[in-house]
2 protein chains.
Amino acid sequence: MAASIKDVAREAGVSIATVSRVLNDVDVVNEETKKRVLSAIKKLGYRPNIVARSLKTQKTRTIGIIVPDISNQFYPEIVRGAEDVANIYDYNIMLCNTDLNIEKEMEYLKVLKEKMSDGVLYMSNSLEPKILELIKQLQLPMVLVETTSKEDDIPSVTIDNEKAAYDGITYLIKKGNRNIAYIGAGEDTVNASAMRYKGYRRALQENNLELNKDRVYFSSPKAKDGYKGINEILNKTKIDSIFCTSDEIAIGAINALRDKGIKVPEDIDVMGFNNIYLSSIFYPKLTTVAQPIYDMGSVGMRMLIKLINKQELEERNYVLLHELIERDSCKK
Amino acid sequence: MAASIKDVAREAGVSIATVSRVLNDVDVVNEETKKRVLSAIKKLGYRPNIVARSLKTQKTRTIGIIVPDISNQFYPEIVRGAEDVANIYDYNIMLCNTDLNIEKEMEYLKVLKEKMSDGVLYMSNSLEPKILELIKQLQLPMVLVETTSKEDDIPSVTIDNEKAAYDGITYLIKKGNRNIAYIGAGEDTVNASAMRYKGYRRALQENNLELNKDRVYFSSPKAKDGYKGINEILNKTKIDSIFCTSDEIAIGAINALRDKGIKVPEDIDVMGFNNIYLSSIFYPKLTTVAQPIYDMGSVGMRMLIKLINKQELEERNYVLLHELIERDSCKK
DNA sequence: TTGTATGCGTTATCAT
DNA sequence: ATGATAACGCATACAA
């Protein structure tokens, strides 16, 4: 068994209280005894047992991160941003993959509470009533990333998805495109990306362009859906450009076009969304609406830590800035 | 404050011992009182405090995963495989990014011990003496993934990297290639991938092909290094094919070739390594040596859990099977 | 400045 | 079948 505070106390010839004091650098303790304690600690290779400390202090310095799938999309980078900040403040993170399965989400939330996580960073599509109720009941400090809570006011960090899509479409229109297809997140999606379709429609409307449902294909953010989407759309109508709500969709779309002998961007413009690493090394390099992915994680974690420490949040619903990145998949 | 076992006991009119018994389904407890306890639990919305339980049982049911960078390479998928298995056995995972920084690795190892993790899954390049010493001292159950420990016998899961590279090169040779470039992990790399260069040399040798250092470029596994590598190599000599020790390198290489007007695979064959998701949607689709990435995580976690439960490992150094996946970046 | 004692929420041993 | 209680390792209020 590893050495405990008792062993250190015995070795240094003091009480455990004194050892605890030097451990936590609290109260005043005689320089001489402090030295004795320190050397006893070193001699025994003692490390405080954080579990015991947590039981006493009711704080574990670990934070749960609930994520749909760490092997997917931009979640790795969000998590990285979050962990970096957590690390700075001496927190560790517990990673939980849910596959957007409500039952799994609820299970993890409960476990996180039982393990006394100090808070949770939550990413999901939906915030179903069942989940919301559980969250309230559990009383865990929480912030939403890339997810919004509508009426209920759980702090969140997102981008302005409606505006981001609007900006992307406007760009396409300015380049002379008129028949702009849309592939990706639908209105029913409950997470933040649902607003993108709204932005698409507003941009069309403000430019007196007609909304043609034949050019719209709602789907998951995967490449294969981009591929399928293009084929479906081209069967029905003509287009001069495509707005995709993820870079993977854009890649799938470009692959489909290539298979049909259609060139990007010579024949058709394709715009992605998110600016994942991939989009800068794909050919052609993707023009895309960038989300500050890493920052969403780091800002979210910063907010959460403030929340945990009962500090005031200057902004409960943080909206980070998106940016249109011009590369090679749209005509210059 | 959340309800504790005491509250439940009071509510049900029994002792905490009895509550604990029904909680853990241990000993025999009267059906009648069991019901009372259960309903008290429900009424109070009681959840056991796992931290307290951990202090008592000396087990936390959480496992640390030490990884260079979750936002990089195939680590997300390894971690996903690991978490899925952990989840099955009711373990949670603590994610730690080290950027291959030794100090960070040591720090995390210590914290993991202090927080009483039941074990750790360790991914790194090196197993420096300092680390090895700390590992021994900490006495944490551990398994290495995509990392080997040479003399010290820490259980591990890898593929046969030498053979995998050998198979890749042999394939290239069979397709008629004679001047095969190599870009990627060098011999000095201490992790498993260092063996790939060995496989490259052996394949050349067995086919009476000369090893020409001008065709070899040691680098990190990033795309930009593939790009740079090609330019350096083509400045010095002629090649008909390229073996890359990561898919990202292969992509960088293909991009460099395209910029020079060289076609893949018509002019030059390019082979990747790992078979990350990307390689199946890139154009051209990458012919690559596949590692069973997800499985490395899941198998590693399975081994670790066995280790934690003091079960016998049928194989301490698990070697998973690689597979050559023929796609479009090499001539058919 | 230092020590004693209590409690954090459990599990498990020993009585009853 | 159930209850009282010690112990897990630490932090801290209170005494000295």
Side-chain angles (χ1 to χ4, degrees), chain A residues 1-38 40-41 44-62 90 110-118 139, chain B residues 1-38 40-41 44-62 90 110-118 139:
Chain A
M1 183 78 93
S4 83
I5 198 172
K6 262 190 201 162
D7 303 312
V8 176
R10 190 181 318 116
E11 176 71 27
V14 298
S15 74
I16 62 167
T18 299
V19 176
S20 176
R21 277 188 268 260
V22 346
L23 236 39
N24 298 291
D25 207 22
V26 79
D27 291 357
V28 198
V29 34
N30 186 290
E31 270 308 319
E32 201 54 43
T33 52
K34 187 169 183 175
K35 261 187 208 157
R36 284 218 315 281
V37 171
L38 255 18
I41 286 175
L44 299 180
Y46 166 78
R47 297 183 193 296
N49 181 318
I50 308 283
V51 173
R53 176 180 294 169
S54 295
L55 182 58
K56 181 67 190 173
T57 61
Q58 303 286 45
K59 293 180 192 329
T60 54
R61 298 204 86 83
T62 107
D90 286 321
K110 288 177 190 168
V111 170
L112 254 15
K113 176 69 178 187
E114 293 174 349
K115 291 202 172 176
M116 287 181 65
S117 308
D118 293 341
Q139 299 248 56
Chain B
M1 184 79 91
S4 83
I5 198 171
K6 262 190 202 165
D7 302 312
V8 176
R10 190 181 319 116
E11 177 71 28
V14 297
S15 74
I16 61 168
T18 299
V19 177
S20 177
R21 277 189 268 259
V22 346
L23 236 40
N24 297 291
D25 207 22
V26 77
D27 290 356
V28 197
V29 34
N30 187 290
E31 270 308 318
E32 201 53 44
T33 52
K34 188 170 182 174
K35 261 187 207 158
R36 285 215 317 282
V37 170
L38 255 18
I41 286 175
L44 298 180
Y46 165 77
R47 300 184 192 296
N49 181 318
I50 308 283
V51 173
R53 175 180 295 169
S54 295
L55 181 58
K56 181 64 190 174
T57 62
Q58 303 286 44
K59 293 179 193 329
T60 54
R61 297 203 87 81
T62 108
D90 286 320
K110 287 178 191 168
V111 170
L112 254 15
K113 175 69 178 187
E114 293 174 350
K115 291 201 172 176
M116 287 181 65
S117 309
D118 293 341
Q139 299 248 59

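Since the structure is predicted, the reported quantities are computational estimates derived from the model, not experimental observations. Order of the sequence lines sets the chain letters (A, B, ...), proteins ahead of strands, with each chain counted from 1.
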**Q** Is there a side-chain contact (heavy atoms from CB on, under 4.5 Å) between D7(A) and S4(A)? Walk through the geometry before answering.
**A** CA-CA 5 Å; D7(A) 303 312; S4(A) 83; 3.6 Å; yes

**Q** Considering every strand and a 4.0 Å limit on heavy-atom distances, what is the contact class for D27(A): base, sugar-phosphate, or nothing?
**A** nothing

**Q** Without decimals, in angstroms, what is the distance between R47(B) CZ and dT10(C) C1'?
**A** 17 Å

**Q** R21(B) has a side chain; which of dT13(C), dC10(D), dC8(D) sits nearest to it?
**A** dT13(C)

**Q** Pair V111(A), D90(B) - check side-chain contact (heavy atoms from CB on, under 4.5 Å), show working.
**A** CA-CA 10 Å; V111(A) 170; D90(B) 286 320; over 6 Å; no

**Q** Among dT5(D), dG9(C), dG3(C), find the nucleotide with the atom closest to the side chain of A17(A).
**A** dG3(C)

**Q** Take K115(B) and R61(A) through the side-chain contact (heavy atoms from CB on, under 4.5 Å) test and state the conclusion after the steps.
**A** CA-CA 10 Å; K115(B) 291 201 172 176; R61(A) 298 204 86 83; 4.0 Å; yes

**Q** Roughly, in whole Å, what's the span from CG in L55(B) to P in dG7(C)?
**A** 17 Å

**Q** Using a 4.0 Å heavy-atom cut-off across all strands, classify V14(A) as base, sugar-phosphate, or nothing.
**A** sugar-phosphate

**Q** Look at all strands and tell whether V26(B) reaches a base, only sugar-phosphate, or nothing, counting heavy atoms closer than 4.0 Å.
**A** nothing

**Q** Provide the closest heavy-atom pair for R53(A) versus N24(A) in the form atom of the first, atom of the second, distance.
**A** NH2-OD1, 3.8 Å

**Q** Would you kindly compare A2(A) and K34(B) by the position of their nearest DNA chain D nucleotide and give the one closer to the 5′ end?
**A** K34(B)

**Q** Taking the minimum atom-to-atom distance to the side chain of K56(B), which one of dC8(C), dC8(D), dT2(D) wins?
**A** dC8(D)

**Q** What's the closest nucleotide to the V28(B) side chain, out of dG3(C), dA7(D), dA1(D)?
**A** dA1(D)

**Q** It should be established whether T33(B) places a side-chain nitrogen or oxygen under 4.0 Å from OP1 or OP2 of nucleotide dT2(D).
**A** yes

**Q** Side chains of residues 31-38 of chain B: which donor-acceptor partners sit under 3.5 Å, not counting sequence neighbours?
**A**
unit_1 : atom_1 : unit_2 : atom_2 : d
T33(B) : OG1    : N30(B) : O      : 2.9
R36(B) : NE     : A12(B) : O      : 3.1
R36(B) : NH2    : A12(B) : O      : 3.3

**Q** In whole Å, I'd like the distance from the CZ atom of R10(B) to the C1' atom of dG3(D).
**A** 16 Å

**Q** Looking only at side-chain atoms of S20(B), point me to the closest of dA11(D), dT11(C), dT2(C).
**A** dT11(C)

**Q** What integer distance in Å separates I50(A):CD1 from dA11(D):C1'?
**A** 13 Å

**Q** Under 4.0 Å between a side-chain N or O of Q58(B) and OP1 or OP2 of dG9(D)?
**A** yes

**Q** Rounded to whole Å, please give me the gap between CD1 in I5(A) and P in dA7(D).
**A** 18 Å

**Q** Counting only side-chain heavy atoms from C-beta out, which of dA5(C), dT2(D), dT11(C) sits nearest to N30(B)?
**A** dT2(D)

**Q** Separation of D25(A) atom CG from dT1(C) atom P, in whole Å?
**A** 13 Å

**Q** Backbone N or O of I16(A) within a donor-acceptor pair of the S20(A) side chain at under 3.5 Å?
**A** no

**Q** Counting the atoms with a prime plus P, OP1 and OP2 as sugar-phosphate, which does I16(B) contact under 4.0 Å by heavy atoms, base, sugar-phosphate, or nothing?
**A** base

**Q** Is N49(B) near enough to dT10(C) that one of its side-chain N or O atoms lies under 4.0 angstrom from OP1 or OP2?
**A** no

**Q** So, does S15(B) get its side chain near the phosphate of dG3(D), meaning an N or O under 4.0 Å from OP1 or OP2?
**A** yes

**Q** Between dT10(C) atom P and I41(B) atom CD1, what is the distance in whole Å?
**A** 10 Å

**Q** With sugar-phosphate meaning primed atoms plus P, OP1 and OP2, does T18(A) contact a base, only sugar-phosphate, or nothing at under 4.0 Å between heavy atoms?
**A** sugar-phosphate

**Q** Nearest to the side chain of R53(A) - dG9(D), dC10(D), dA4(D)?
**A** dC10(D)

**Q** Quick check on DNA chain D: between E31(B) and T57(A), whose nearest nucleotide comes earlier from the 5' end?
**A** E31(B)

**Q** Rounded to whole Å, how long is the line connecting atom NZ of K6(B) with atom C1' of dT10(C)?
**A** 11 Å

